[in-house]
Amino acid sequence: MQFNSYLFIFIFMPLVLIGWYGLNRLRRYRLAEAFLAGMSLWFYGYFNVYYLAIILVSMALNYFLSFLLTKIPENSTHTKLLYRFAMIVGVALNLGILFYYKYYDFFIENINAAFHTDFALKHILLPLGISFFTFQQLSFIIDRCRRKAEHYPLLSYVTFVTFFPQLVAGPIVLYDEMLPQFEDLSKRRFQSDSFARGLYLFVLGLAKKVLLADTFALVANYGFDETYALDSISTIVTILSYTFELYFDFSGYSDMAMGLGKMFNIDLPINFNSPYRSCSIKEFWQRWHITLSRFFITYVYIPLGGSRKGKARMLLNTFIIFLLSGLWHGAAWTYIAWGVVHGILVVWDNLGIVGIKGRPEKRPSRFHIPAWLGWIFTFSLFNLSLFFFRSTSLGSAIQLFRNLFTGGFHGKVFDLAAQLDIPEIYVLRQALDLAAPDLVKYLYLIFMILLFVLAFYLIFRPNAYERTMKGELTSRRCWCCCLLLLWCVVSLSQVSTFLYFNF
């Protein structure tokens, strides 16, 4: 079930909200929690019943391991060894499940290519959101083994893992920021201000996805399908379209998740903080997919030594984090190449050779550049890195670089613009088609330019979270919210899915 669907908006969401607040009002707190967990499992299982079995087995194994940890005597001479062994088992268990479903075929393909073997591929269907709920449970098990987390009741644990707003595409939440909220009875009461702000944030996120991301996707998908036919200008248009599609898609989902959380009086962590305003790649990663960066820093970077073992070790640890981040996004060399690129760029930033004027730096830089120049470099480098992220092969990514620097101009940009044949400009297109058909292609081109102007305008304006949490929800904002919701509902008939469902 997707957030941007009639079933979710008009049936699932009202049912789960009424059931949650109704049962809590009757003080049936455990029943309310069971209801929420059950509805979340329905939400997840709606995509594929087979997925439901996987997440249930994953939760059962992790919870059983957590239960076994309660049986370890605290004062035994083997206590520390047993906890360490349990951590190894827990990490191996979770990463093993993730490896099997996400990386097995990739691993076998490369074994076959390297050693000329002929092992059969399984063509395993990637379970939805497995990277997210695996990391979520992994953080809990690691902290249990470090004796930083307590063993919770089964229902509380299931609710924590399956809470539907963040289940399939994040943000990656931690037990200590979620379980206390579910146990806080004051949060079980309906609060009109929290609900209104949550609904407002949900609609803004829905508009990002349906009205912006899906529109940019029309151009991006066509452009990447025509990789070898693009010229320089159309290559730039293609990658910019994907850049905005990716941001409005994933940040839109995160906004909807946070908005739904607020509607339940549950605060989910912010996952995007206007990353396209960043003036360095390091700053970019402090703003983009924040909860993933937090996970890698807490459970990989710091255990590897962080910055405690010298600068060279710190730079190596940083590079390892981004290599793993690339692999986390997908089982392909293109994702690994993308991670390597960002690892190199962040290592460069950490060397402290170049700084940004007016920005606080932990390390002194040899010379500084203006913020606007830093933004140009950062935004351009991120766009170039997406050649690897979006391409289906390294060869296709390299071809895009060739197009960019040697492609010239062949008018392919008009074919890209023509993909924007959307209902919103139907009347204008029909009128122009009758009066001056030769000008129709310029209509699409103008519309595409205006779409880019709007995107750049929005990334420098307060983001959806800032708009929602700061200031009053005035009548003007409420009317805008209603109009956006109506516009989105009308547009839901178009087929679309969230990009990060693939990761």
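Along the sequence shown, residues carry numbers from 1.
Surrounding CZ of Arg147 are more than 12 heavy atoms belonging to other residues, nucleotides or ligands, all under 6.0 Å away. Within 6.0 Å of the CZ atom in Arg146, the count of heavy atoms belonging to other residues, nucleotides or ligands exceeds 12. Heavy-atom contacts from other residues, nucleotides or ligands closer than 6.0 Å to CZ of Phe195 number more than 12.
Taking the six-membered ring for Trp and thresholds of 30 and 60 degrees, Phe160 and Phe140 have ring planes inclined between 30 and 60 degrees apart. Below 30°, between 30° and 60°, or above 60°: for Tyr104 and Tyr100 the angle between ring planes is between 30° and 60°, a tilted geometry. Between Phe248 and Phe244, the ring-plane angle classifies as parallel under the 30° and 60° cut-offs. The aromatic rings of Phe182 and Trp20 stand perpendicular to each other, their planes meeting at an angle above 60°, with 30° marking the opposite boundary.
Closest heavy-atom contact between Ile266 and Met178: CG2-CE, 3.7 Å.
For Asn317 (side chain) and Gly306 (main-chain N/O), a donor-acceptor pair under 3.5 Å exists by modelled atom type. No donor-acceptor pair closer than 3.5 Å links the side chain of Arg28 to the backbone N or O of Leu23. Arg467 places a side-chain N or O within 3.5 Å of a backbone atom of Pro462 that can act as its donor or acceptor partner. Not one N or O on the side chain of Asp255 forms a donor-acceptor pair closer than 3.5 Å with the backbone of Gly205.
Side-chain rings of Tyr63 and Tyr152 stay apart, their centers remaining 6.0 Å or farther from each other. Taking the six-membered ring for Trp and the full ring otherwise, the centers of Tyr299 and Phe295 sit less than 6.0 Å from each other. Between Trp288 and Phe272, the distance separating the two ring centers is shorter than 6.0 angstrom. For Trp328 and Phe296, the gap between ring centers reaches or exceeds 6.0 Å. No close placement of the Phe107 and Tyr103 rings is indicated, their centers lying 6.0 Å or farther apart. Phe284 has its ring centre no less than 6.0 Å from the ring centre of Phe379. Separation of the Tyr276 and Tyr247 ring centroids falls under the 6.0 Å cut-off. Phe250 and His289 have their aromatic ring centers within a separation under 6.0 angstrom.
Residues Glu177 and Arg294 are paired through a salt bridge, judged by an N-O separation under 4.0 Å between the basic side chain and the carboxylate. A salt bridge links Glu33 with Arg188: the distance from a Lys NZ or Arg NE/NH1/NH2 to an Asp or Glu carboxylate oxygen falls below 4.0 Å. A salt bridge is absent between Arg277 and Glu283: the closest approach of a Lys/Arg side-chain nitrogen to an acidic carboxylate oxygen does not fall below 4.0 angstrom. Between Lys122 and Asp105, none of the side-chain N atoms (NZ, or NE/NH1/NH2) sits under 4.0 Å from a carboxylate O, so this pair counts as no salt bridge. Between Lys262 and Asp193, no side-chain nitrogen of the basic residue sits less than 4.0 Å from a carboxylate oxygen of the acidic one, so the salt-bridge criterion is not met.
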Task: Worked verdict on Leu95 versus Leu138 for side-chain contact (heavy atoms from CB on, under 4.5 Å) - done: CA-CA 8 Å; Leu95 294 185; Leu138 194 56; 4.0 Å; yes
Task: Intermediate values then yes/no, ring-ring contact (aromatic ring centres under 6.0 Å, His included), Phe12 and Phe8 - done: CA-CA 5 Å; Phe12 180 86; Phe8 180 85; 5.5 Å; yes
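Annotation: side chain of Leu36 is in contact with side chain of Phe264 (closest heavy-atom distance under 4.5 Å). Under the 4.5 Å side-chain criterion, counting only non-hydrogen atoms from C-beta, Met314 is in contact with Tyr301.
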Ignoring hydrogens and angles, write down the donor-acceptor pairs under 3.5 Å from the side chains of residues 385-394, residues two or more places apart or on other chains.
residue: Ser385; atom: OG; partner: Trp338; partner atom: NE1; Å: 3.4
residue: Ser385; atom: OG; partner: His342; partner atom: NE2; Å: 3.0
residue: Ser385; atom: OG; partner: Phe382; partner atom: O; Å: 2.7
residue: Arg390; atom: NH2; partner: Asn221; partner atom: OD1; Å: 3.1
residue: Ser391; atom: OG; partner: Phe387; partner atom: O; Å: 2.5
residue: Ser393; atom: OG; partner: Ser396; partner atom: N; Å: 3.2
residue: Ser393; atom: OG; partner: Ser396; partner atom: OG; Å: 3.1

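Scanning for ring-ring contact (aromatic ring centres under 6.0 Å, His included) contacts around Phe119 gives an empty result, with sequence neighbours left out.
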